[in-house]
Structure formats: C-alpha cells, structure tokens
Amino acid sequence: MSPSPRRHQITQEVTDMEKILILDFGSQYTQLIARRVRELNVYCEIHPFNKIPALDADIKGVILSGSPASVRDVDAPMPDLSQIKGKMPLLGVCYGAQLLAVLGGGEVESAPSREYGRAMLTVVAPEDPLMINIPSPTQVWMSHGDTITSLPESYKIIGSTENVKAAAYHIKNEKTWGIQFHPEVYHSVAGKDLLANFVYGICGCSGTWSPDSFIETTVKELKEKIGNDRVILGLSGGVDSSVAAMLLNKAIGNQLTCIFVNNGLLRKNEFNDVLDSYKGMGLNVIGVDASEKFYNDLKGVTDPEQKRKIIGRDFVEVFNAEAKKIKDAKWLAQGTIYPDVIESCSVKGPSATIKSHHNVGGLPKEMHLSIVEPLRLLFKDEVRRVGKAMDMDPKLLGRHPFPGPGLGIRILGEVTPEKVRVLQEADNIFISNLRKAGLYDQVWQAGVMLLPVQSVGVMGDERTYENCVALRAVISTDGMTADWVHLPYDFLAETSNEIINKVHGVNRVVYDISSKPPATIEWE
Ligand code: XMP
C-alpha cells in the first residue's frame, strides 16, 4: 500500500472558543471527564501531561486527570505547571489532587487499604465556590491506592469522607482545587454539579458549545478551507461517515462526491436501502457494486486475517478506481472521531495510537489529496446529537456498529455467495425481530454468525443435515469489553423458529452467552 496522503487537517483545534484543557495522566476515566464537561456545553480537549499546548486566552481552566501511577514513584509524571498553577483555574482529580498536594509540600502515602468504591462525602465548607449547592453528605466514587495524609497550611479542606479527611481541598488565595474522588463517574451523585461549579462558576465559561453551535462553526470553517475544491468521501452506511457527509453537504453541496461500495458482504438489501436514503438526504453519491470482485478474491480463503486483508485491499482498489475518475478532487473526507485521535497516555510517556482508517492507507500518492475530518473533535454520542440537529433519520443515527469486513468475518471459514445469502436471511430476521420487539436500541450490537458446522435435524418426515447459526447480542460502551444481553426466552424461541422455518439451509440456532473478555464480539 502506498503511504498516507498529506494531512492538512482542518477543524483540528478550536480557536476563538472558550475551552477547558484536560491534562491526561493515563487514567481510564480521562475521556469521561471530557464527556461530562462537554455535557455542560463547554468545549474541552485532552492533551498528554507532558505535551501541554500553548496556553492562549481561550483556555479558561485546566483539569488534571487521575493516573495509574503513584506520586511516590521515582519516575512519577511531574509536569511543569508553573504557567498554570496560580495563574488560571485548576482542578486536580485523584492523582491530580495528590500531585498538587505534593508540589505544595504535603504528604501522600499508601492508603492502609485501597480506597475503592462508594463513599459519603461531607461538605466541610459549603460556601466554597466548588461546593456551592452540593448536598451534604453526598455519595462519591473513590478509586485510589494512595491517599493525602498531610496538607500544607495554605490548603483548606472543603470536603471529607470517613476514611479520607482531605477528600477535597482549596488552595487559599489561588483558584486551585483538588478532589481525591472521581466526579466524572456516574456513582458520584453530585459529580456533574461539582464540575459545573468549576467550569461555570470558577472558570467563567458560558456553556455555549452545543450541536447547533458546532454545526455552525464547522460549516463556516469547511466553506473557508475548501473554497471551490472538490471533496471525496467514502460512505459506509454507518453513523460517522454519514454525519460527516451531511456536514460537508451543508457546507459545500455538490462539490462533495460520496462513494459507497457494495462489497457483497453487507446486510440484506442494505446497499440499495442505504443508497436510497443517502440520495433522499440530498447527497451526491456514487454506488459501486463490486460484490463479484470480493467473492472471487475470497474464493478458497478460510483464515480470518487473510479474509480481512483481502476485503481491505479490494475496498481500496475499488474506491481508488472510482476516486480517480473524479478529476479535480483535492480533499479526502473521513468520519474520524475524537477517540480515534486522542493520543493515549502511558505514564511512561504518551504514545500515539491513531487508528488508520482502511480507506486512507492505500490512496494513490499521485492524487495528492489532503485530509478533512469534520468530526475529529466529537465523541460518538456527540456525533449522534449533531446528526439529530441536522434532522437526520433516527434509524440511521441509531444503527448498531457493523464491522468493515461485514458478513465476511461472520461466515466462519470460506465465504461463498450462497453462504452470504443464508446469513443475510437469518440476520435480517434477527435484526427485524429486535426492532419489532423494541429491543434494538437496548442492544449495542447484534448479528448472526454462520458456523462451519452441519448437524442432523428433522423437518416433516425428512431427515436434514444442515447449517447452524449463532445469534449474538451484546451491550458495551466502546466495544472494548462487552456482555451478552439477556434477551427474553420467548423472543429467542420465536426468532429461532422463524429462522429455521424460513431460511433454507439452516436447521439449528444457538445463542452466544459469552462475554468479552475472554470471548470477542465477532467470532473471527
Ligand atoms: P471484537 O470482535 O474484537 O469486536 O470484540 C469489537 C468491535 O469491533 C468490530 N470489529 C471490526 N470492525 N473491522 C472493523 O471495522 C474489523 O476487522 C473488525 N473486527 C471487529 C466489531 O464488530 C465490534 O464492534
């Protein structure tokens, strides 16, 4: 594959807008802090603790995240906060609070037992700006192995729990606070109110970041950057690429050409249905049916990784062949979202884990396309809110995730057009039934696997020897971990009957009751 195209990213950093800076020390909850702040309609960005960006006037305050590290470690992350502490509002959370305590001359020791789980916080200083209107006592979520055992004179304790005296403190005459609990976690009942006190009351943010304001600024920015150029975008039928396309369509209309490839591994009727709905949305879309090419290249291939490679390679070839026909294209648009671009922070030094999208890696160099990623600042739920604000079809916005290689990795073993047909039928019954039963939106992802297993059955007076399919339905937040959904027995019974009765070639249905880990969501 040829190298990635030049990256002229636009809408990478927001300027002229109030924002909160979150310095990440590697906590599992850092993204959650960002989401809570954004739920307060305040824009925020996550940066690794050792890559502090320029502190311009837009930054109204800084939050230090938690960390798996201990401030007592010899190599503990200790950034230079001299341009921040005492100069602008600062809130340390967990490790952040312990770091600020140590920097001021306080002491942090290993807690007698790890402080984990719910605790009741008593507000000691209800008049403190961070504690305004916080009920007392209030449940908070603790998760730390270290604890602050002494604080300097100038640090005033404003909240305590039974085991943690310095659960919350304020440095006198400074806009600096520390809290050893996690306000971003749902179990901290008044956590969002406390963050609101920080971002509104202390930092003075006005809370004007909203889907509508995002659309307005992004559309304006896209218009300015793209001018009269032509843009190409690969649509997948999923939420991100569709919302990205709608934003671009709003900004530049027909200068956007979308390409939607049928790899023959989509759901039943999906290619035509989705193509129609894109056209109905006013998008300029080219639909390319390349099913035959994919089926031919997958002939005889059984190894899952090999299948993925072939499907990825074929996609790039088909996409490029179409893209090249668009002669004056200058930009390639992608539906990259914020979790894909946040640099993950290891406490031994942040390392970039930027996912490459399968349609970037192989674009021909001679096309000299620059990248435009209108959603690169948004979390998934924000992408949906932006889509909703643009009146996009709720059915499209609420779609379950679907893997790029599609049914190709849900047919175990060799992929053939006949197996695709069988799986499409079974999958269509399962998904339609989930919708009819009102269960679709309660499930994060669902699908059917076609197993390379034949078993004996009876149909009427006939003995059958046919395929087995496995139904899979999971709940998850990001696909990293997942649990199987306890679908009602009646629902499973009806779906199983319907599949066996209607799908020629299937005589047995099983339900997958494995969680991830140790299993994965897909079977290949
Ligand atoms: P696993 O099977 O790893 O899946 O638990 C986690 C999530 O990733 C999706 N997935 C893929 N998506 N290309 C994709 O675009 C792939 O090769 C691929 N493999 C798994 C899967 O559907 C689930 O949402």
Side-chain angles (χ1 to χ4, degrees), residues 1 31 233-244 259-267 270 274 294 297-298 301-316 318-319 334-337 339-341 344 353-362 373 375 379-381 383-384 397-413 415 420 423-424 426-427 430-431 434 440-451 469-485 511-524:
M1 282 191 189
Q31 287 196 25
L233 178 142
L235 282 172
S236 68
V239 179
D240 302 341
S241 64
S242 307
V243 174
I259 300 173
F260 181 35
V261 176
N262 184 4
N263 57 11
L265 305 165
L266 302 174
R267 294 195 137 115
E270 188 173 18
V274 173
F294 285 82
D297 293 346
L298 285 168
V301 183
T302 53
D303 175 64
E305 284 317 301
Q306 192 63 22
K307 288 200 270 182
R308 275 193 174 79
K309 280 201 184 113
I310 292 170
I311 297 166
R313 185 202 64 203
D314 281 4
F315 175 85
V316 169
V318 174
F319 185 85
Q334 292 186 267
T336 314
I337 63 171
D340 299 336
V341 292
S344 77
T353 50
I354 298 174
K355 286 186 210 160
S356 61
H357 281 230
H358 58 302
N359 53 354
V360 186
E373 296 173 320
L375 305 177
F379 288 108
K380 190 89 180 179
D381 44 341
V383 173
R384 292 204 167 97
L397 295 176
R399 287 178 75 148
H400 289 168
F402 187 66
L407 301 183
I409 53 165
R410 292 187 180 167
I411 293 170
L412 277 68
V415 175
V420 171
L423 183 53
Q424 280 178 336
D427 176 79
F430 184 35
I431 300 296
L434 283 171
Y440 185 87
D441 291 332
Q442 293 171 41
V443 168
W444 188 79
Q445 185 173 18
V448 181
M449 317 292 153
L450 180 62
L451 310 187
V469 295
L471 313 182
R472 183 92 166 117
V474 296
I475 38 165
S476 174
T477 46
D478 52 11
M480 301 297 284
T481 60
D483 207 353
W484 61 280
V485 180
Y511 187 49
D512 183 350
I513 53 166
S514 328
S515 53
K516 173 184 179 175
T520 50
I521 297 174
E522 306 294 345
W523 280 39
E524 280 198 335

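A quick note: this is a predicted structure, and the numbers were derived from the prediction, not measured. Just so it is clear, the values below take in all heavy atoms, side chains as well, and ignore hydrogens, waters and symmetry mates. Order of appearance sets the numbers: ligands from 1, and atoms from 1 within every ligand. We count residues from 1, following the sequence as given.
Tested against Asp240 for a salt bridge (Lys or Arg N to Asp or Glu O under 4.0 Å), the candidates Arg399, Arg384, Lys380 yield a single pass: Lys380.
Residue contacts with ligand 1: Ile409 is placed with no nitrogen or oxygen under 3.5 Å of a nitrogen or oxygen of the ligand (distance criterion only). At least one N/O-N/O distance between Glu522 and ligand 1 falls below 3.5 Å. For a threshold of 3.5 Å applied to N or O pairs, the pair formed by Arg410 and ligand 1 contains no separation below that value.
Heavy-atom contacts of Lys516 reach the following atoms of ligand 1: 1 (P), 3 (O), 5 (O), 6 (C) (cutoff under 4.0 Å). Near Pro405, meaning under 4.0 Å from any of its heavy atoms, are these atoms of ligand 1: 13 (N), 14 (C), 16 (C), 17 (O). Near Gly479, meaning under 4.0 Å from one of its heavy atoms, ligand 1 places the atoms 6 (C). Atom numbering of ligand 1 starts at 1 in the shown order; those under 4.0 Å from a heavy atom of Gly404 are 12 (N), 13 (N), 14 (C), 15 (O).
Below 30°, between 30° and 60°, or above 60°: for Tyr440 and His400 the angle between ring planes is below 30°, a parallel geometry.
When the options Ser236, Pro401, Pro304, Pro403 are ranked by their closest heavy atom to atom 12 (N) of ligand 1, first place goes to Pro403.
For Asp478, the salt bridge (Lys or Arg N to Asp or Glu O under 4.0 Å) criterion is met by no residue, not counting sequence neighbours.
At least one side-chain heavy atom of Trp484 sits less than 4.5 Å from a side-chain heavy atom of Arg472.
Put simply, CZ on Arg313 and CZ on Phe294 are 9.5 Å apart, with the number rounded to the nearest 0.5 Å.
A salt bridge is absent between Glu524 and Arg410; no separation between the charged side-chain nitrogens and carboxylate oxygens falls under 4.0 Å.
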